[in-house]
Amino acid sequence: MPTIKPISDLRNYSAVLQDVAFGAPVYLTKNGRGCYAIVDIAEQEEYEKTKAALRLMCELEKGRKAGEEQGWLSSDDVREHFRRKSNG
């Protein structure tokens, strides 16, 4: 069950922070509506890693589709491309 508290409870923030744990964020409301979430820093780091992995997977999928639709480049073509690019 999520922990939901009014933002006014932050006046005693140490009590609010005691309820925060990995996998158990505290959600703060303002005027009865969800407004903020306080999460454990380790959980936030895990979220950022997951987000980065999803972005990478999406880009890899775009590359796979482009290769199938437009044709694949040989490793020699790729090397030549980067050689030209590095030489200016």
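Just so we're clear, the structure is a prediction, and the values are computed from it rather than from any experiment.
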task: Please indicate whether Tyr36 has more than 12 foreign heavy atoms, meaning atoms of other residues, nucleotides or ligands, lying under 6.0 Å from its OH.
output: no
Test: Glu80 and Arg83 ion pair at under 4.0 Å: yes
query: According to a 4.5 Å side-chain heavy-atom criterion applied to Ile, Leu, Val, Met, Phe, Trp and Tyr, with indirect links allowed, do Tyr13 and Ile7 form part of one hydrophobic cluster?
result: yes
task: List for me each residue that meets side-chain contact (heavy atoms from CB on, under 4.5 Å) alongside Glu48, sequence neighbours excluded, and say none if there are none.
output: Gln44, Lys51
message: When you group the ILVMFWY residues by side-chain heavy-atom contacts below 4.5 Å and let the links chain together, are Ile41 and Ile38 in the same group?
response: no
field: Minimum heavy-atom distance Val39-Glu43, with the two atoms named
entry: CB-OE1, 4.4 Å
query: Could you give the distance from CG (Leu17) to CG (Leu10), rounded to the nearest 0.5 Å?
result: 8.0 Å
- prompt: CD of Gln18 to OG1 of Thr3: how many Å apart, nearest 0.5 Å?
  reply: 12.0 Å
field: Derivation of the salt bridge (Lys or Arg N to Asp or Glu O under 4.0 Å) call for Lys49 and Glu45
entry: CA-CA 6 Å; Lys49 287 178 189 175; Glu45 290 169 353; over 6 Å; no
query: What pairs meet the side chain to side chain donor-acceptor pair (under 3.5 Å) rule with one or both residues in residues 22-31, with sequence neighbours excluded?
result: none
- line: Between the CG atom in Asn12 and the NZ atom in Lys5, the distance rounded to the nearest 0.5 Å is 9.0 Å
